[in-house]
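Numbers for residues simply follow the sequence, beginning at 1. If you're wondering where the values come from, they're calculated on a predicted model, not measured in any experiment.
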Amino acid sequence: MKRQLIKAMQYNQLINIMYMAKDNSITKRCVKVIKLTGDTMQAYCFIRHAKRTFKIEYVLAVMPIIDRERMVI
């Protein structure tokens, strides 16, 4: 999991994460990873429109957002 987060940060890629909060509710977030420190990551959350700190152990899944451009031939 951490390797996927590092890769997303290096390539400046937007990702969707499935995240379990402290109250055991599960949310889907669209984020851009800013910094990884120990067992936490700082990311910009596009749902909350703010920087947030997430515990990496509570990240259940990481899915890259692939934006495909259509070419006109």
Side-chain angles (χ1 to χ4, degrees):
M1 188 72 63
K2 195 168 186 176
R3 197 174 343 164
Q4 292 172 314
L5 296 171
I6 291 170
K7 189 175 179 181
M9 183 178 67
Q10 288 174 339
Y11 289 106
N12 215 16
Q13 185 177 29
L14 300 180
I15 56 173
N16 281 322
I17 61 170
M18 297 298 288
Y19 187 76
M20 184 172 59
K22 289 180 184 178
D23 64 354
N24 291 331
S25 63
I26 297 176
T27 61
K28 181 179 175 183
R29 306 280 185 104
C30 177
V31 299
K32 180 178 178 183
V33 180
I34 298 169
K35 179 171 64 170
L36 293 168
T37 307
D39 62 344
T40 62
M41 77 167 172
Q42 187 177 31
Y44 182 82
C45 178
F46 289 95
I47 292 174
R48 302 279 189 228
H49 300 288
K51 286 183 185 177
R52 297 288 199 197
T53 301
F54 300 94
K55 286 194 172 192
I56 295 173
E57 65 184 284
Y58 293 150
V59 176
L60 304 174
V62 176
M63 297 155 284
I65 298 174
I66 300 170
D67 185 30
R68 296 184 182 206
E69 294 182 25
R70 295 186 180 183
M71 293 178 28
V72 177
I73 299 178

At what distance, to the nearest 0.5 angstrom, does [atom1] of [X] lie from [atom2] of [Y]?
X: R29; Y: R52; atom1: CZ; atom2: CZ; answer: 6.5 Å
X: K28; Y: N16; atom1: NZ; atom2: CG; answer: 4.5 Å
X: Y58; Y: T40; atom1: OH; atom2: OG1; answer: 12.5 Å
X: I15; Y: M63; atom1: CD1; atom2: CE; answer: 9.0 Å
X: Q10; Y: L36; atom1: CD; atom2: CG; answer: 9.5 Å
X: Q4; Y: I56; atom1: CD; atom2: CD1; answer: 11.5 Å

State yes or no: do [X] and [Y] share one hydrophobic cluster built from I, L, V, M, F, W and Y residues joined by side-chain heavy-atom distances below 4.5 Å, directly or via other members?
X: I26; Y: V31; result: yes
X: I6; Y: V62; result: yes
X: F46; Y: I65; result: yes
X: V33; Y: M20; result: yes

What are the two closest non-hydrogen atoms of [X] and [Y], and how far apart are they?
X: M1; Y: V59; value: CE-O, 3.7 Å
X: P64; Y: Q13; value: CB-NE2, 3.4 Å
X: F54; Y: A43; value: CE1-CB, 4.0 Å
X: I34; Y: Y44; value: CD1-N, 3.7 Å

With a 3.5 Å distance limit and no angle check, can you tell me whether Y19 reaches the backbone of K55 through a side-chain donor-acceptor pair?
yes
